[in-house]
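Values reported hereafter were calculated over all heavy atoms of this structure, with side chains retained and with hydrogens, waters and symmetry mates removed.
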Amino acid sequence: MHTDLKAAENRLAIRLRNIGHAEPREIAWATVWLQACGYTGFKLLAEALPDERKSLTLTRDALGIDLQEVSCAYLAPAIMADVKANGRVFLRNVRHGLFMLPFAVRENMGLGCPVDPSFAIGGERLKNPYAEKLALAEASGIDVDDGLWDQLLDH
């Protein structure tokens, strides 16, 4: 299926809100952002949706924050708020760390390797390496696997 970015984001946000997810607009935005930049945003969200744990009290310790395998699809906005308030942090036991990428780029923050089970976030990013990909996707739309799209909207 080929779709417009905003249309995909809006449909996904409505679906996430209807099934009771916190921050549905942010989750939908990040999912579509990842997809537009060539990552598997929709696949990652489909993996996270059945999870029972969708929230976590973020507590810093001597090593950083233990995310306890709760998906960053749900935690990314709270993690970003923590980093803005308290500075750089090392994350461990990360699941779906790629969901941190759109938020880090939006806030011009540095990000370690988000596919690792542990990485740091914080500091300053000096440029947006995804601007061209996003502009192209905004102009021409994105491709989404029909089965995956149906799975997300019918979950």
Side-chain angles (χ1 to χ4, degrees), residues 1-17 19 21-51 53-56 65 67-84 88-155:
M1 171 181 93
H2 191 78
T3 186
D4 174 78
L5 260 64
K6 285 297 178 192
E9 187 178 323
N10 288 336
R11 284 194 64 199
L12 191 54
I14 290 167
R15 178 65 178 146
L16 291 168
R17 186 189 69 231
I19 58 178
H21 289 286
E23 308 260 11
R25 281 262 164 227
E26 290 286 271
I27 295 169
W29 167 77
T31 302
V32 171
W33 189 101
L34 287 167
Q35 199 73 29
C37 289
Y39 297 105
T40 57
F42 289 98
K43 181 177 182 257
L44 292 172
L45 182 61
E47 289 175 7
L49 282 177
D51 292 356
R53 293 183 68 200
K54 293 179 174 43
S55 65
L56 176 70
I65 299 175
L67 299 182
Q68 302 172 27
E69 302 292 328
V70 176
S71 178
C72 285
Y74 307 117
L75 298 179
I79 293 168
M80 292 306 296
D82 179 89
V83 172
K84 284 182 189 177
R88 183 183 161 119
V89 69
F90 186 77
L91 305 174
R92 61 189 193 280
N93 297 312
V94 176
R95 184 159 183 257
H96 302 132
L98 272 174
F99 270 92
M100 294 305 304
L101 183 59
F103 295 96
V105 170
R106 181 173 71 185
E107 299 296 329
N108 291 319
M109 285 190 184
L111 182 69
C113 183
V115 295
D116 287 345
S118 301
F119 60 87
I121 183 167
E124 185 179 358
R125 174 186 298 271
L126 300 176
K127 66 178 187 170
N128 179 350
Y130 299 95
E132 289 180 20
K133 287 183 179 184
L134 288 169
L136 179 61
E138 286 174 1
S140 63
I142 56 173
D143 291 320
V144 182
D145 177 87
D146 290 335
L148 194 53
W149 183 249
D150 292 342
Q151 179 185 352
L152 286 169
L153 293 182
D154 295 334
H155 179 76

Heavy-atom nearest pair, D4 first then A7, reads OD2-N, 3.0 Å
Taken to the nearest 0.5 Å, the spacing of Q151 CD from L49 CG works out to 8.0 Å
In short, A48 meets S71 closest at the heavy-atom pair CB-OG, 3.5 Å
_Strictly distance-based, threshold 3.5 Å: is any side-chain N or O of H2 a donor or acceptor partner for the main-chain N or O of S140?_
yes
Heavy-atom closest pair (A137 atom, A36 atom, distance to 0.1 Å) is CB-CB, 3.5 Å
Rounding to 0.5 Å, atoms CD (E69) and NE2 (H96) come to a distance of 9.5 Å
Open item on the list: Which label fits Y39 and Y130: parallel for a plane angle under 30°, tilted from 30 to 60°, or perpendicular past 60°?
Closed with: tilted
For F99 and A30, the nearest pair of non-hydrogen atoms, with its separation, is CD2-CB, 3.8 Å
Would you call F42 and D145 a side-chain contact if the rule is heavy atoms closer than 4.5 Å? no
In this structure, CG of L91 is separated from OG of S118 (nearest 0.5 Å) by 8.5 Å
Report yes if some heavy atom in the side chain of M80 is under 4.5 Å from a heavy atom in the side chain of M100; otherwise report no.
yes
query = Just wondering, are more than 12 heavy atoms of other shown residues or ligands nearer than 6.0 Å to NZ in K54?
reply = yes
Correct closest heavy-atom pair for W149 and A8 would be CH2-O, 3.7 Å
CG (L16) and CG (L152) are apart, to the nearest 0.5 Å, by 8.0 Å
Determine whether I65 and I79 make a side-chain contact, defined as any pair of heavy atoms from C-beta on separated by less than 4.5 Å.
no
> Between L134 and C37, is any pair of side-chain heavy atoms under 4.5 Å apart?
Replying inline: yes
Can you find a pair of side-chain heavy atoms, one from L34 and one from L45, that are under 4.5 Å apart? no
Applied to residues 26-38, the side chain to side chain donor-acceptor pair (under 3.5 Å) test, sequence neighbours excluded, yields E26-R106
Value for CD1 (I121) from CG (D82), rounded to nearest 0.5 Å, stands at 10.0 Å
Is there side-chain contact between R25 and N10, with heavy atoms separated by less than 4.5 Å? yes
CG (L67) and CZ (R53) are apart, to the nearest 0.5 Å, by 10.0 Å
*Note, L56 side chain near Y74 side chain (heavy atom, < 4.5 Å)*: no
Closest non-hydrogen atoms of A46 and P50, given as atom of the first, atom of the second and distance, are O-CD, 3.2 Å
* For the residue pair L5 and I142, establish whether any side-chain heavy-atom pair is separated by less than 4.5 Å. => yes
